Structures are given as structure tokens and as C-alpha cells.
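Lettering of chains follows the sequences in order, A, B, ..., and the numbering in each one begins at 1. Treat the numbers as computed from the prediction; the structure is a model and nothing was measured.
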There are 2 protein chains.
Amino acid sequence: MPPKPARTPAAEILTSVTMDLFRVDHLILNAGDRLAAHLGLTGTRWQILGAVVRSTTPQTVAGLSRDLGSNRQNVQRVIHDLVRLEMLTLEPNPKHRRAPLVVLTGKGRQTYDAAMKLQAPWANAVTQGMGLDDLLTFQRVIAELRTRLAPRPGLTENIEVRGKGKTGPATATTNPG
Amino acid sequence: MPPKPARTPAAEILTSVTMDLFRVDHLILNAGDRLAAHLGLTGTRWQILGAVVRSTTPQTVAGLSRDLGSNRQNVQRVIHDLVRLEMLTLEPNPKHRRAPLVVLTGKGRQTYDAAMKLQAPWANAVTQGMGLDDLLTFQRVIAELRTRLAPRPGLTENIEVRGKGKTGPATATTNPG
DNA sequence: CGGATATTGACATCATGATGTCAATTTTGG
DNA sequence: CCAAAATTGACATCATGATGTCAATATCCG
């Protein structure tokens, strides 16, 4: 039997819980897909629409991607999809000629509200009978993990490899083909 | 202000914690990618290799996909990648002529062990100073959510739409293009 | 035994996430 | 003001997840 690498008890728990975490994440995203499907939304679109809804002042695409902790490029693509679906519009940004502001349309607002209305009974059913204290602890631990795992605690920036230099080939991803 | 759909306090917590859950999931998968990159692994390949390692008796691809809670088709693709990388082999299954058994190779074992060895200090660092009780509760809640969100509690099967009949177009997924 | 049904591997398509790159624009530093 | 650096939108590529489909095979049931 190979000697296990030394892990603290806490690290053992994190390790063993990871797989369940992945499965729950997939299951929730899947449930979101099903809930919002007939509204023309997917889980991802719902998420991004939510980021726009929550933003108190109109944001640029890059700003929203920072809020979401996602990469700029994919957020841009989905926002363009939502613009095509007339749930968002891009309005001129007086502060930046190239970076328009993302604004919710009436249809976008209605769709988001409808999705959240569908989500309510789902969330009620899923948490039915679960201990409130446990859920609060769960919330606290998740938030703590998010903070600790953030690329640089305190900096919300997306480190985008300033590619120009081509300093390293970065052959990280295997390309078996 | 639009009237919020009625949610129990527990459902409110689940709703508000979802975004952090997604972010933590992405961050962990990303950390896994970085940890295992130079071993020729990705987060997904690591996961699937782990499923093979944990299986006491050799499984078929479909069996492994059930273990992983993932869909058969994508697991098959990744397993073929791992076979190409010589980390897995497909051996004849006396019970089923078309469904070979997935077996770990020496290289696969070594790669998996190396990945777990890299993961240990990472897990130690991430959980450094976190309360053990909180982590245990976290583990319990995640497991409970996984059970509750499972397609059918108790049935491990993947409901695959028996397509033949073409009874309904199932126009769930939006196709904006 | 023999047909109906389910399982399994394989292939295809689309949505998404990660990453690299580039040009246009803004910001910064002198 | 001007040049260097950073930001931003856009485009491209690859890995992955979800889904549909099909043929081969296995299992079930009469």
C-alpha cells in the first residue's frame, strides 16, 4: 500500500468532499437549465442575466466578467447571445468609446423574474426539512473557500496573460491529438 | 419593487449560496488543472482516473459514468483519451462482448498517485485554520444536497431518453442560431 | 425458444469554459 | 503632450458537458 501524502484532517475532508461538490454543482446547473429552458434561458444565461440585474449601475462586459469571476471572452459571447434574444442592449458609454454599457431590457427583466419565480418552489422543495444552522454553516464555509481560492485575495482582477511577449510556451494543456 | 416569490429561509440561503458554489467549483477544477497539468492530466481526466482507481472491480464505461454521475458519452470520450495516453486499457469482458472493462495501467497508477501527492499540500494550505466542525457540517450538507438533487433518489441509473419513438421534439434547449 | 425492451459503445451537434491573440482605445508616467 | 502599458472587445482554437441518434448486444418475459 503506497504511503498516503500527509494531509491534515481538514484537508482530508476537503479532498473527500470535492467529488460531491462537483456533482452538486452539475445537478444545480442542470436543474437551472430545466427550469429556465422554456423561457429561452440556459443556466449560464440566467447567471449572466442575474449579474446584470444585480449591478446597480450599468457595467461593461469586462466589468460583468469580473463580477462573475469568469473570463471576459465567454461572458462577451453569452452577452451577445442575450442581446440577440433582446434581453439586453448595449448602450454607448460616454466614458469609453469601445466599451459599451450592458443594459437590461423589459423582456430581459420579465424573463429573469419569471425564472426566479420558477426557482422558488424548486429551492423550497430541495431544502425542505434541512437544518437552518447547517445551511448557514454551509454558506459560511463556501464563502470562505471562495475567498481562499480566489486568484489573489483582495484583487478582483482577472490575470490575463499579457501575451505579446511569448515568454513561455506554456505547454500545460496536453494535446494528445 | 416586484413581490418576491415566497421562499422559506432555507431556500433563501440555498438561492444566495448558489453563485458562490459555482465559483468554488470552478476554482477547484481550475486548481486541479494547474496541479495536474504537467502530468498530462486535466481536472476531468483526473476525476475519471480517480473513478477507475476507486472501483474495486473493473467497470465498464457505462458503469463508471454512473459512478461519476456524468453522462456516458463524455466519459467514453475521456476514457479513450486516457487509453491513448496509456493510463488505461480496455480488456475483454467475458460478461459482455461489446462492453470491455476499463483497467488502470502502471502509468495510470503512477500518474494518479503523483497527482494526489501534489494535491495534498494544496488541500492543506486551503483548509489551513478552518474549523473542523464547520468542514464536517459542510460535508454533510453537500452529501445531503447531492442525494436530494439526484435524478431519482435510490436509483443510480442515468435516464437516457429512449429516443426511438420520437414522441416529442423536446425543444428544451434554445437554438438561437 | 423468440420477440420486446434495455444497455452499451460509437458518432454527431451544439453550448460552454479556458486560453491565446490582435487592434482599438484608455490610462499612466515622463 | 507623447510614448509605454493596461484595458477592452473581438475572433479563434481546443477541451468539455448535454443531448440525440444508431447499431450491436444483453436481458427480460411470454
Practice problem: To the nearest 0.5 angstrom, please state how far the CG atom of B:Leu101 sits from the CD atom of B:Glu91. | Solution: 7.5 Å
Self-check item: Side-chain N,O (A:Asn71) to OP1/OP2 (C:dG17) below 4.0 Å
Solution: no
Exercise. Nearest whole angstrom, please: distance from the P of D:dT19 to the CD of B:Gln76.
Key: 16 Å
Quiz item: To the nearest 0.5 Å, what is the distance between CG (B:Leu149) and CG (A:Leu27)?
Solution: 5.5 Å
Practice problem: Between B:His96 and A:His96, just flag the one whose closest nucleotide in DNA chain D comes earlier from the 5' side. | Solution: A:His96
Self-check item: From C:dA18, D:dT8, D:dA26, nucleotide with atom closest to A:Arg72 side chain
Solution: D:dT8
Exercise. Grab the CD1-P distance between A:Ile28 and D:dA18 for me, whole Å please.
Key: 14 Å
Exercise. Assign each of A:Asn30 and A:Leu90 to its nearest nucleotide of DNA chain D by heavy atoms, then name whichever residue's nucleotide is nearer the 5' end.
Key: A:Leu90
Quiz item: Nearest of D:dG9, C:dG9, C:dT16 to any side-chain atom of A:Asp81?
Solution: C:dT16
Exercise. Specify the separation, in whole Å, of atom NE2 of A:His26 and atom P of C:dT16.
Key: 14 Å
Self-check item: Any A:Arg66 side-chain N or O less than 4.0 Å from OP1/OP2 of D:dT8
Solution: yes
Quiz item: Relative to the 5' end of DNA chain C, which residue comes earlier, B:Asp33 or A:Arg98, by the nucleotide with the nearest heavy atom?
Solution: B:Asp33
Exercise. Scan side-chain atoms only and decide if A:Asn71 and A:Asn74 contain a donor-acceptor pair under the 3.5 Å cut-off.
Key: yes
Quiz item: Transitively linked via ILVMFWY side-chain contacts under 4.5 Å: A:Met116 with A:Leu118?
Solution: yes
Quiz item: Is there a donor and acceptor pair closer than 3.5 Å between the side chain of B:Arg77 and the base of D:dG17?
Solution: yes
Practice problem: Rounded to the nearest angstrom, tell me the gap between atom CG in A:Leu41 and atom P in C:dT16. | Solution: 10 Å
Self-check item: Separation of atom NZ in B:Lys95 from atom P in C:dT8, rounded to whole Å
Solution: 13 Å
Quiz prompt | D:dT16 phosphate, OP1 or OP2, under 4.0 Å from B:Thr42 side-chain N/O | solution = yes
Practice problem: Measure the distance from CG on B:Leu29 to P on D:dA15 and round it to the nearest whole Å. | Solution: 15 Å
Practice problem: Considering just the side-chain nitrogens and oxygens of B:His80, establish if one lies under 4.0 Å of OP1 or OP2 belonging to C:dA10. | Solution: yes
Quiz item: Is there a donor N/O on one and an acceptor N/O on the other, under 3.5 Å, for the side chain of B:Gln73 and the base of D:dG17?
Solution: no
Quiz item: Do A:Arg140 and A:Glu144 sit within salt-bridge range, that is, some charged N less than 4.0 Å from a carboxylate O?
Solution: no
Practice problem: Round to a whole Å and report the spacing from CZ of A:Arg45 to P of C:dC14. | Solution: 14 Å
Quiz item: Do B:Asn74 and D:dA18 share a donor-acceptor pair, side chain to base, under 3.5 Å?
Solution: yes
Self-check item: Spacing between B:Arg84 atom CZ and D:dC14 atom P, to the nearest angstrom
Solution: 14 Å
Quiz item: Does the pair A:Arg23/A:Asp20 count as a salt bridge with the N-to-O cut at 4.0 Å?
Solution: no
Exercise. Please determine if a side-chain N or O atom of A:Thr44 lies less than 4.0 Å away from the OP1 or OP2 oxygen of C:dG17.
Key: yes
